Amino acid sequence: MSDEKDATKVVQAGRRPEWTQGIVNPPVWRASTILYDSVAELRARGAADTHHKLFYGRRGTPTQWSLADALTALEPGAEGTLLYPSGVAAVVSALLAVLEPGDELLMPDSAYDPTRSFANGLLKRIGVTTIFYDPLIGADIAGLCTDRTRAILLESPGSLTFEVQDIPAIVAVAKARGITTLLDNTWATPLLLPAIPLGIDYSILACTKYIVGHSDVMLGSVTAAEGQYERLRAMTYQLGQNASPDDAWLGARGLRTMAVRLDQHGRSALRIAQWLKTRPEVARVLHPALPDCPGHDIFVRDFRGASGLFSFVLNGGSEQGRAALIDGLAHFGIGYSWGGFESLAIPVDPQRYRTATPWQAEGPVVRLQIGLEDADDLIADLDAGLARFTAARG
Ligand SMILES: *Cc1c(COP(=O)(O)O)cnc(C)c1O
């Protein structure tokens, strides 16, 4: 399953006959206890490699293996994938797999806020020091590496502000020094940015977003490059991490349509971003496919396309004006997360989180998740919202 195109892989991968028993969608295999025929068999199976063998519910069943297998197939050069009960659980498990007391971790200043919180919380408590870096640092990250640097986390584009990172340049620095790289690839998914072929050691997804795609399941995954799987598996087992078969089943169901969904999210989002760019109420549109976005040239070089999440900066105005814009939207829900079929709008305040690079903007920022509604309806809705923003300005 390595030569097919991705749209074929998302349909076919993970559907091994021994797991599906001929059913199109691998069924939900629920289990805690697995029964053995004899004491001898119980002992033998415990001593053997339990990978893809029923052993105990926490090690998974064919339902979880099927989704994990499919995600591995989307990252050429990957050794294996493990599933987690949320994206955050995936991020923290991967970091714990590679970090030890006394180590230093480099983390982009644009990292997802709960990832930052983990660095400033548990990682700090166990003696890991996190140094936050400018997401646009590129090869200059070498200047931040010390003898103690064990891992570099990347997230591209960055949460809220969408800076695109120079992954190959950072990977080259890391490889030369034996430093492990981890990428939060939730925005692009392996369809728009296969991370392992770029030299990343661990590709992390909040499957809650585009893999599931329907705003009704929490799920995460980490896909490990060749040679990096074993320590991730060992740490994941120690932590007792396990995604339920029902949630994995919904994840696999979502994955089958992900290529067409992403394509539509991407096309509508780009159209809306370009429309916003023409508006006088908008100072900047932070969409990686537009030149306003920091790292745009790297996006053009490395990515196969854009997904459906971006931000825009209002031209002046106030908190109240931004609330008036968002509160009256008819087709956008107000809520966290993204990657589902429905559009969402939220206020975001990047300056609250930054420590390495100050965030300065012309006005308040709005983040949009563009869903699968008709883009004309969404544009009309935003048009009315910008009129409310202007009216609130007086
Ligand atoms: C949502 C998100 C996560 C966390 O995923 P959950 O499933 O909500 O825990 C991690 N990284 C990024 C970039 C995200 O947007």
Side-chain angles (χ1 to χ4, degrees), residues 64 67 71 81-96 105 107-123 132 135 153-165 167 181-193 195 200 202-223 236 239 241-244 246-248 250-251 254-255 258 262 265 269 286-288 295 299 303 306-311 333 335-340 342 344-346 348-350 353 365 367-371:
Q64 290 106 323
L67 174 60
L71 293 174
T81 297
L82 288 159
L83 302 181
Y84 300 86
S86 71
V88 167
V91 170
V92 310
S93 299
L95 288 171
L96 287 173
L105 165 69
M107 182 177 287
D109 213 18
S110 51
Y112 182 61
D113 183 46
T115 304
R116 283 188 87 103
S117 299
F118 180 66
N120 293 327
L122 183 64
L123 286 183
F132 291 93
L153 181 79
L154 300 91
E155 189 186 317
S156 185
S159 273
L160 313 184
T161 44
F162 299 90
E163 294 91 339
V164 182
Q165 295 198 251
I167 298 172
T181 51
L182 309 97
L183 171 70
D184 185 329
N185 200 22
T186 301
W187 185 88
T189 83
L191 295 190
L192 302 178
L193 187 87
I200 290 289
Y202 296 99
S203 176
I204 304 167
L205 299 178
C207 299
T208 308
K209 313 291 168 55
Y210 287 122
I211 310 295
V212 167
H214 292 74
S215 304
D216 48 10
V217 178
M218 304 296 300
L219 198 64
S221 69
V222 181
T223 299
T236 301
L239 292 171
Q241 292 283 19
N242 171 258
S244 89
D246 301 81
D247 292 345
L250 282 163
L255 180 71
M258 187 170 76
L262 260 190
H265 285 294
L286 303 174
H287 182 300
F299 173 80
F303 286 66
S307 64
L309 187 80
F310 67 95
S311 293
Y336 292 114
S337 205
W338 45 278
E342 85 290 14
L344 298 168
I346 55 167
V348 297
D349 301 298
Y353 310 105
V365 185
R367 191 187 76 180
L368 297 179
Q369 126 84 8
I370 301 303

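Just follow the structure's listing: the first ligand is 1, and inside any ligand the first atom is 1. Treat the numbers as computed from the prediction; the structure is a model and nothing was measured.
- For Gln64 (side chain) and Leu83 (main-chain N/O), no donor-acceptor pair under 3.5 Å exists by modelled atom type.
- For the ligand labelled ligand 1, residue Tyr336 lies outside the 4.0 Å heavy-atom shell.
- Once rounded to the nearest 0.5 Å, the distance linking OG of Ser93 with CG of Leu82 reads 9.0 Å.
- Looking from atom 2 (C) of ligand 1 to the surrounding protein, the closest heavy atom is Lys209 NZ, 2.4 Å.
- Among protein heavy atoms, atom 7 (O) of ligand 1 sits closest to Thr208 OG1, 2.5 Å.
- Of all atoms in ligand 1, listed by their number and element, those nearer than 4.0 Å to a heavy atom of Gly87 are 4 (C), 5 (O), 6 (P), 7 (O), 9 (O).
- Not one N or O on the side chain of Arg367 forms a donor-acceptor pair closer than 3.5 Å with the backbone of Thr161.
- When only non-hydrogen protein atoms are considered, atom 8 (O) of ligand 1 lies nearest to Met218 CE, 3.5 Å.
- The ligand atoms of ligand 1 that sit less than 4.0 angstrom from a heavy atom of Glu155 are 13 (C).
- Taking a cut-off of under 4.0 Å to the non-hydrogen atoms of Trp338, the atoms of ligand 1 that pass are 15 (O).
- Considering only heavy atoms from C-beta on, Leu219 comes within 4.5 Å of Leu67 through its side chain.
- Neither side chain, Glu155 nor Thr115, offers a donor N or O lying under 3.5 Å from an acceptor on the other.
- Among Ser86, Ala89, Pro157, Ala206, the residue whose heavy atom sits closest to atom 5 (O) of ligand 1 is Ala206.
- The CE atom of Met258 sits 3.5 Å away from atom CG of Leu191, with the distance rounded to the nearest 0.5 Å.
- Within ligand 1, counting atoms from 1 as listed, the ones closer than 4.0 Å to a heavy atom of Val88 are 4 (C), 5 (O), 6 (P), 9 (O).
- Using a 4.0 Å heavy-atom cutoff, Val91 is absent from the residues neighbouring ligand 1.
- No donor-acceptor distance shorter than 3.5 angstrom exists from the side chain of Ser86 to the backbone of Met218, with no hydrogens or angles considered.
- Side-chain rings of Tyr210 and Trp338 approach one another, their centers coming within less than 6.0 Å.
- Which of Asp184, Leu219, Thr115 comes nearest to atom 12 (C) of ligand 1 through a heavy atom is settled by distance: it is Asp184.
- Summary of contacts: the protein heavy atom closest to atom 4 (C) of ligand 1 is Tyr112 CE2, 3.4 Å.
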